[in-house]
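Just so you know, residue 1 is the first one in the sequence shown, and it goes up from there.
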Amino acid sequence: MSNNDILKKLRVALHLRNDDIIHILSLVDFKVSASELGALFRKADHPLYKECGDQILRNFLNGLVIHLRGPMDDKRVHDKE
């Protein structure tokens, strides 16, 4: 299974639109345009298809954690108390 397939399956399972995915990626300061994102969801034989690299998928998953759980607390603040 390719990274593109994983991204597609997560998009469908979580009912995400392209602008939701762009927002999730922005939570981890990873910028992607709507056209770049569209190229990731094309069929592999399409001329404008783009392979989803590990960096995009990793940043999406990290952003998804923030999106679903909220930002992580700073552990240093809790240690001082």
Side-chain angles (χ1 to χ4, degrees):
M1 183 178 286
S2 71
N3 288 347
N4 295 65
D5 293 334
I6 294 169
L7 195 59
K8 287 178 192 177
K9 289 182 184 296
L10 286 171
R11 179 179 69 165
V12 171
L14 298 172
H15 306 286
L16 299 172
R17 298 181 316 223
N18 284 355
D19 56 334
D20 296 328
I21 295 173
I22 291 170
H23 171 72
I24 289 169
L25 286 168
S26 72
L27 293 174
V28 290
D29 296 327
F30 191 84
K31 307 294 184 229
V32 64
S33 69
S35 60
E36 288 175 309
L37 192 59
L40 298 175
F41 295 121
R42 297 184 191 279
K43 291 189 177 192
D45 59 349
H46 193 280
L48 297 177
Y49 170 81
K50 181 180 174 189
E51 193 170 316
C52 179
D54 293 338
Q55 182 181 18
I56 294 173
L57 185 59
R58 180 182 66 245
N59 282 301
F60 174 72
L61 292 173
N62 287 335
L64 190 60
V65 169
I66 295 170
H67 177 72
L68 295 175
R69 293 185 187 168
M72 193 167 143
D73 290 335
D74 190 1
K75 292 181 181 180
R76 293 174 291 179
V77 173
H78 293 294
D79 291 340
K80 292 179 182 177
E81 292 176 1

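Interatomic distance, L61 CG to L7 CG, rounded to the nearest 0.5 Å: 8.5 Å. F41 contributes atom CZ, which lies 4.5 Å from atom CG of L37 (distance to the nearest 0.5 angstrom). In this structure, the separation between CG on L25 and CD on E36 is 10.5 Å, given to the nearest 0.5 Å. Atom CG of residue L27 and atom CG of residue N62 lie 11.0 Å apart, to the nearest 0.5 angstrom. Note that OG of S2 is 7.0 Å distant from NZ of K8, once rounded to the nearest 0.5 Å. Summarising the geometry, atom CG belonging to L10 is positioned 7.5 Å from atom CG belonging to L57; distances are rounded to the nearest 0.5 Å.
The backbone N or O of E51 lies less than 3.5 Å from no partner atom in the side chain of N4, so there is not a single donor-acceptor pair. Judged purely by atom type and a 3.5 angstrom limit, N59 has no side-chain atom pairing as donor or acceptor with the backbone of K31. At least one donor-acceptor pair closer than 3.5 Å links the side chain of N3 to the backbone N or O of C52.
Under a hydrophobic-cluster definition in which Ile, Leu, Val, Met, Phe, Trp and Tyr are linked whenever side-chain heavy atoms come within less than 4.5 Å, directly or via other members, L48 and L40 are assigned to different clusters. Follow the hydrophobic side-chain contacts under 4.5 Å out from L68 and you never reach V12; the two are in separate clusters.
Each of I6, V32, V28, I21 was scored for a side-chain contact (heavy atoms from CB on, under 4.5 Å) with F60, with one residue passing: I21.
A salt bridge links D19 with R17; the closest basic N to acidic carboxylate O contact falls under 4.0 Å.
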Audit row: D20, L14, side-chain contact (heavy atoms from CB on, under 4.5 Å) steps and yes/no: CA-CA 10 Å; D20 296 328; L14 298 172; over 6 Å; no

